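Taking it in order: structure first as structure tokens, then the write-up.
In what follows, every heavy atom counts, from backbone to side chain, and hydrogens, waters and symmetry copies are set aside. Note that the structure is predicted; figures quoted are calculated from it, not measured.
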Amino acid sequence: MAPSVSRSNGISKPSAFEQWLQKNGSTVLLPAIGILGFLTIWQLIAWSGVTRLPGPLSVFTDDRTRTLLLYPFYDRGGLDKGLFWQTMASLVRVAQGYAIASVVGISLGIVVGLSPAIDKALDPVFQFLRMIAPLAWVPIALVTFQQPEISAIFVIFVTAVWPILINTTVGVKQIPQDYINVKQVLQLKQKTFFFKILFPSALPYIFTGLRIAIGLSWLAIIAAEIVIGGTLGIGFFIWDAYQQNYVSEIILGVVYIGAVGLILDRAVAYIQTLILPE
């Protein structure tokens, strides 16, 4: 029997941390190094005086910003709330507009993908509408709905619906002809064809659209809140900080926007891995 390897022979088993580092080091350390390098360069430029924009350390050195960072849950009534509540107000609007866009985009995308005639008839309309910038919809929404809250949700919807619709349409069109032939030969019911063939085949394309749409939704709500004004949200927080010349608060708000946007994108990607494992 071969002798067992022991510490006395000078060979030790890697610790759990060392094993984790060997497995995940490149995916964790390299991004961390990149972020740290970016922040360091930004801070050095701020110290050099080339720009009036303060460095990332101002988030911790400024008293007002440090308070916002340490106490995100404060609520003094009205619009004077911590960053947690500002962010949650924006996320609620995003959830509503994104949900409506998902239902409309997927449903209409399936209909258009299955009918070449409808596709040819509506494609110019879709291509025209999707080229309109989200901010251009803000005054139209305000005139139409007369309510800032509904207007903001509409802007999210009209921004998010196009990538979902277009990707769903492409996914339906990509269904192999063999699958269509199977439906005809076996005379499958429409319900069976939809849930067993069409929807599973188009699902990867649908998730591509959903992932693009969630990022666009988050961008749209920030811009909409800045333009509409007077409503609780992270966009309003940034614009209010700009008007009062609190530059460090603007930087903190931008950090929140980037972090939340990253989390939303990763959340949709994670759901995709659960439903469509590689």
What distance do I238 atom CD1 and I257 atom CD1 have between them, rounded to the nearest 0.5 Å? 3.0 Å
Is there a side-chain contact between R211 and R266 in this structure, where contact means two heavy atoms from C-beta onward sitting under 4.5 Å apart? yes
Scan I156, T159, V260 and name whichever one has a side-chain contact (heavy atoms from CB on, under 4.5 Å) with W218. V260
Check: S90 side chain, I234 main-chain N or O, donor-acceptor pair, under 3.5 Å: yes
Give, for atom CD of E225 and atom CD of Q86, the distance between the pair rounded to the nearest 0.5 Å. 8.5 Å
Near-ring test W239/F236, centroid separation under 6.0 angstrom: no
Over 60° means perpendicular and under 30° means parallel, so classify the ring planes of F145 and F154, tilted if in between. tilted
Please find the pair of heavy atoms, one from K173 and one from G113, that lie closest to each other, and give the distance. CG-O, 4.0 Å
Quick one: does V92's side chain get under 4.5 Å of Q96's, heavy atoms only? yes
Tell me whether L262 is reachable from I271 by hopping between hydrophobic residues (I, L, V, M, F, W, Y) whose side-chain heavy atoms are closer than 4.5 Å. no
Below 4.5 Å, heavy atoms only, C-beta onward: do T169 and Y205 meet side chain to side chain? no
In short, S58 meets T65 closest at the heavy-atom pair O-CB, 4.4 Å
Is there a path of hydrophobic side-chain contacts, each under 4.5 Å between heavy atoms of I, L, V, M, F, W or Y residues, that connects L44 with V247? no
Pairwise side-chain contact, L198 with L114, heavy-atom cut-off 4.5 Å (strictly under): yes
In terms of heavy-atom contacts, I250 and A241 come closest through CG1-CB, 3.8 Å
Given 3.5 Å as the limit, does a donor-acceptor pair link the side chain of S107 with the main chain of V103, or not? yes
Other residues, nucleotides and ligands only: do more than 12 of their heavy atoms fall within 6.0 Å of OH on Y74? yes
Side-chain contact, heavy-atom cut-off 4.5 Å: T144 with W137? no
Angle between ring planes, F126 versus W162, binned at 30° and 60°: parallel, tilted or perpendicular? tilted
Derivation of the side-chain contact (heavy atoms from CB on, under 4.5 Å) call for Y256 and L68: CA-CA 12 Å; Y256 261 76; L68 287 169; over 6 Å; no
One should read off an interatomic distance between I221 CD1 and R93 CZ, to the nearest 0.5 angstrom, of 5.5 Å
Does any part of the side chain of L165, heavy atoms only, come nearer than 4.5 Å to the side chain of V104, both counted from C-beta? no
Return the minimal non-hydrogen interatomic distance between V155 and A141, and the atom names on each side. CG2-CB, 4.5 Å
Treating Ile, Leu, Val, Met, Phe, Trp and Tyr as nodes and any side-chain heavy-atom pair under 4.5 angstrom as an edge, say whether I118 and V161 lie in one connected cluster. yes
With a 4.5 Å cut-off on side-chain heavy-atom distances among I, L, V, M, F, W and Y, is there a chain of contacts connecting Y246 to L252? no
Is there a chain of hydrophobic side chains (I, L, V, M, F, W, Y, each step under 4.5 Å between heavy atoms) that links I140 to V143? no
Interatomic distance, D240 atom CG to D80 atom CG [nearest 0.5 angstrom]: 9.0 Å
For L216 and P163, the nearest pair of non-hydrogen atoms, with its separation, is CD1-CG, 4.0 Å
Atom pair CD1/CG of I166 and D123 - distance to nearest 0.5 Å: 8.0 Å
Atom CG in L91, atom CG in L264: separation rounded to 0.5 Å? 6.0 Å
Would you indicate whether the side-chain heavy atoms of E249 and Q244 approach each other to under 4.5 Å? no
Please check if atom CH2 in W85 has more than 12 non-hydrogen atoms from other residues, nucleotides or ligands closer than 6.0 Å. no
Return the minimal non-hydrogen interatomic distance between D265 and I214, and the atom names on each side. CA-CG2, 4.3 Å
